Amino acid sequence: MAKKRTYASEPLGPAIERLMADTGITYRALAEKTGLSAGYLNHIVHGNRRVPSTAVIGRIGKALGVKPDYFREVRVRLIIDKLEQTPALVDRLYKRLS
């Protein structure tokens, strides 16, 4: 059995779709577990809606058996929040990337 990745490398939609395939869960079943509509979940997966809030991503992750930070978008949000709180870190990172 392959080791389960700690973090998704793909965007949110494909990551959810892969987890759904891996676990055999349908949109309807995922909707029941999250309290979201199957149509809304389908729109998220196919990129027809903006990335939902971290709380909504957390509900989806919990239903699929992963932590919210499994999804790249949550990790990016956490990094942005930290950068906004630490201006010196922004400067150091910018210099390193330049």
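Please read these numbers as outputs of a predicted model, since none were measured by experiment. Hydrogens, waters and symmetry mates are skipped; everything else that's a heavy atom, side chains included, is used.
Looking at heavy atoms from C-beta onward, Lys82 lies in side-chain contact with Thr86 at the 4.5 angstrom threshold. Inter-residue side-chain proximity for Thr54 and Glu73 is flagged as unmet; no heavy-atom pair is nearer than 4.5 Å. Thr6 has its side chain out of reach of Tyr70: every pair of non-hydrogen atoms, C-beta onward, lies at least 4.5 Å apart. Residues Val66 and Phe71 are in side-chain contact: their nearest non-hydrogen atoms beyond the backbone lie under 4.5 Å apart. Counting only heavy atoms from C-beta outward, the side chains of Met20 and Leu30 approach each other to under 4.5 Å. Between Ile60 and Ile44 the shortest side-chain heavy-atom distance falls below 4.5 Å. Pro52 places a side-chain heavy atom less than 4.5 Å from the side chain of Leu12.
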**Item:** side chain to side chain contact (heavy atoms under 4.5 Å, CB included) assessment of Glu84 paired with Ile80
**Value:** CA-CA 6 Å; Glu84 287 176 345; Ile80 290 169; 3.8 Å; yes
For His46 and Glu17, what are the C-alpha separation, side-chain angles and deciding distance, and is it a side chain to side chain contact (heavy atoms under 4.5 Å, CB included)? CA-CA 9 Å; His46 291 97; Glu17 191 170 44; 4.1 Å; yes
Let me see the working for Asp22 and Arg18 under salt bridge (Lys or Arg N to Asp or Glu O under 4.0 Å), right down to the final yes or no. CA-CA 6 Å; Asp22 290 351; Arg18 184 178 46 75; 3.6 Å; yes
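The pair Glu10-Arg72 does not count as a salt bridge, with every side-chain nitrogen at least 4.0 angstrom from each carboxylate oxygen.
Between Val56 and the options Val51, Thr34, Leu36, a side-chain contact (heavy atoms from CB on, under 4.5 Å) holds for only Leu36.
Atom CZ of Arg75 has more than 12 heavy atoms from other residues, nucleotides or ligands within 6.0 Å.
Looking at every heavy atom in both residues, Ser37 comes nearest to Ala31 through C-CB, 3.9 Å. Taking each heavy atom of Ala8 and Ala15 in turn, the nearest pair found is CB-CB, 3.8 Å.
Leu78 and Leu83 are not part of a single hydrophobic cluster, where members link through side-chain heavy atoms under 4.5 Å apart. The hydrophobic cluster containing Leu93 also contains Ile79, counting ILVMFWY residues as joined when their side-chain heavy atoms lie under 4.5 angstrom apart, directly or transitively.
Considering OH of Tyr27 and CD of Glu32, their distance stands at 15.5 Å, rounded to 0.5 Å.
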